[in-house]
Chemist: 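The structure that follows is given in the form of structure tokens.
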There are 2 protein chains.
Amino acid sequence: MAAARSSAAAEKRRAILDAAVRVFARQGFHTSRVSDIADEAGVAYGLVYHYFRSKDEVLDTLFLERWDVLLETIREVDQQDLPVRDKLGAIAGFIVDSYRHDPDLMKVVIVEVTRAANTFGQTHLAKIREAYALIAVVVEHAQARAELRSDIAPQFAAMAFYGAIEQVLTGWIFDILPQAPADLEEAKRFVVETICGGLDDRSVG
Amino acid sequence: MAAARSSAAAEKRRAILDAAVRVFARQGFHTSRVSDIADEAGVAYGLVYHYFRSKDEVLDTLFLERWDVLLETIREVDQQDLPVRDKLGAIAGFIVDSYRHDPDLMKVVIVEVTRAANTFGQTHLAKIREAYALIAVVVEHAQARAELRSDIAPQFAAMAFYGAIEQVLTGWIFDILPQAPADLEEAKRFVVETICGGLDDRSVG
DNA sequence: CCACAGGTTGACTGACCAGTCAATCGCCGT
DNA sequence: ACGGCGATTGACTGGTCAGTCAACCTGTGG
């Protein structure tokens with residue numbers, strides 16, 4: 001059947017994307033050549049251009065695949081009837097788990113797109129903003145229910161929350177922070193606890 | 001006198017650096033050509049190479065000039081006998097004021113170096129880490145004095161604090177957050193308040 | 001068993017640009 | 001005036017690489 005052909009083709013496409021993740025993670029997008037991707041995938045140079053219009057489109061695809069899942073997750077989380085801490089915990093958890101599951105992919109998404117908003121990510125600014133906006137909505141809802149203080153703009157709170165997570169990820173990516181399984185697990189709780197509870201010592205004493 | 005010559009030369013060097021800031025901020029480092037810098041500075045192409053060994057060295061110089069001042073500031077702040085909030089407020093204030101004073105330069109430092117740690121900033125990872133480490137020390141001291149809770153690792157707290165600031169700057173840089181003078185001023189307090197006090201609603205009632 | 005439509009190949013091209021360098025300029029001291 | 005030296009110029013070179021394309025391969029359907 002013809003399906004065999006097209007599913008084999010789909011696998012090739014996937015192989016190229018997976019190879020690109022490894023190459024981009026190792027060398028960075030700008031210093032990666034298309035031939036590096038082809039070699040890593042064990043495929044001819046030209047085939048990359050059979051499946052993708054350009055080198056940029058490969059990165060585009062990787063980013064969008066992942067980011068859309070993130071956006072969907074945030075939307076779902078917000079619709080549930082949970083305390084803010086659980087909602088934010090779920091979001092932080094998703095991001096941390098994404099890193100645990102495929103550190104290379106998260107490295108590429110964060111370092112090459114999210115954090116490179118000037119050169120490349122300009123294209124994706126709207127998508128990136130959407131995540132901030134969705135988190136801001138979560139905060140807003142919590143403020144409306146008096147779960148969170150209302151004297152801090154939700155947009156700023158969202159940036160602080162997301163910034164804290166991204167910075168921790170960046171710390172792992174560049175081996176600045178310890179990343180044993182226990183550290184990853186702790187980080188989820190830590191980010192939420194820091195942002196919601198604050199660092200102040202409130203012990204009785 | 002010969003001094004006139006060398007001070008004129010120093011001014012040319014400065015002019016090239018200033019032009020580079022504008023060009024890098026506008027186009028991003030990777031898409032900036034050396035000729036763009038020369039044109040912007042109103043200077044011949046070759047002169048850039050008279051003052052700098054390479055295009056990278058231009059960015060190096062810009063980054064180090066600014067980052068060293070930041071490191072020095074953090075060190076000084078930590079030595080003073082102040083409550084943590086004031087210390088962290090001073091650090092946040094310095095960064096926000098740096099942005100206010102020269103947004104283009106901060107954009108370049110953050111977007112092209114700090115946040116581009118994979119491709120370019122790898123070189124400067126040690127310098128960048130130093131800032132995290134110094135902030136962690138501030139947190140550690142505060143924990144020792146029971147100003148801050150001790151159940152959160154200082155390194156993580158430092159990342160959350162720095163990440164929150166950087167994210168807010170990034171928000172300004174890409175016009176995601178409002179940046180009227182009042183917003184900048186508020187942001188200083190906001191970051192410290194979020195990180196130290198937390199977002200939880202603690203109002204009576 | 002043939003023919004055709006993908007899928008697959010990799011040599012080639014055109015553009016781009018960092019960095020070089022030999023020539024020129026113009027200030028300074030004499 | 002003039003000789004010298006650092007500052008300044010910009011045309012040129014060498015290498016790199018994204019993207020093209022014409023040829024080739026393979027398996028599917030008739």
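The sequence lines fix the lettering, A, B, ..., with proteins before strands; numbering per chain opens at 1.
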Chemist: Roughly how many Å is it from CD1 in B/Ile37 to C1' in C/dC17, rounded to a whole number?
Modeler: 12 Å
Chemist: What residues form a salt bridge (Lys or Arg N to Asp or Glu O under 4.0 Å) with B/Arg145, not counting sequence neighbours?
Modeler: B/Asp81, B/Glu147
Chemist: Which nucleotide wins on minimum distance to the side chain of A/Arg33, given the candidates C/dA18, C/dG7, D/dC17?
Modeler: D/dC17
Chemist: Nearest whole angstrom, please: distance from the P of C/dA18 to the CD of B/Glu57.
Modeler: 15 Å
Chemist: Give me the ring orientation class for A/Phe29 and A/Phe24: parallel if the planes are under 30° apart, tilted from 30 to 60°, perpendicular past 60°.
Modeler: perpendicular
Chemist: With sequence neighbours left out, write down each residue that passes salt bridge (Lys or Arg N to Asp or Glu O under 4.0 Å) with A/Asp86, or none if nothing qualifies.
Modeler: none
Chemist: Would you list the pairs meeting ring-ring contact (aromatic ring centres under 6.0 Å, His included) in which at least one residue belongs to residues 149-171 of chain A, sequence neighbours left out?
Modeler: A/Tyr132-A/Tyr162, A/Phe156-B/Phe190
Chemist: How close or far is atom P of C/dC17 from atom CG of B/Asp56, stated in whole angstroms?
Modeler: 15 Å
Chemist: Expressed as a whole number of angstroms, how long is the span from A/Lys55:NZ to D/dC17:P?
Modeler: 9 Å
Chemist: Rounding to a whole Å, what distance do you find between B/Tyr51:OH and C/dG19:C1'?
Modeler: 18 Å
Chemist: Rounding to 10°, can you tell me the angle the first-five-pair axis of the helix from C/dC1-D/dG30 to C/dT30-D/dA1 makes with its last-five-pair axis?
Modeler: 10°
Chemist: If a pair satisfies ring-ring contact (aromatic ring centres under 6.0 Å, His included) and one of its residues is in residues 72-106 of chain A, list it, with sequence neighbours excluded.
Modeler: A/Tyr99-A/Trp172
Chemist: For A/Ala157, what residues pass the side chain to side chain contact (heavy atoms under 4.5 Å, CB included) criterion, not counting sequence neighbours?
Modeler: A/Val139, A/Ile152, B/Leu199
Chemist: Would you indicate, yes or no, if C/dT8 has its OP1 or OP2 atom less than 4.0 angstrom from a side-chain nitrogen or oxygen of A/Lys12?
Modeler: yes
Chemist: Which residues satisfy the salt bridge (Lys or Arg N to Asp or Glu O under 4.0 Å) test with B/Arg85, sequence neighbours excluded?
Modeler: A/Asp200, B/Glu193
Chemist: With the threshold set at under 4.0 Å for non-hydrogen atoms, list the residues of residues 41-50 of chain B touching DNA chain D in residue-number order.
Modeler: B/Val43, B/Ala44, B/Tyr45, B/Gly46, B/Leu47, B/His50
Chemist: Between B/Lys188 (side chain) and B/Ala92 (backbone), is there a donor-acceptor pair under 3.5 Å?
Modeler: no
Chemist: Looking at residues at least two apart in the chain, or sitting in another chain, which of them share a salt bridge (Lys or Arg N to Asp or Glu O under 4.0 Å) with B/Arg66?
Modeler: none
Chemist: Mind checking if B/Phe52 touches a base, just sugar-phosphate, or nothing, with heavy atoms under 4.0 Å?
Modeler: nothing
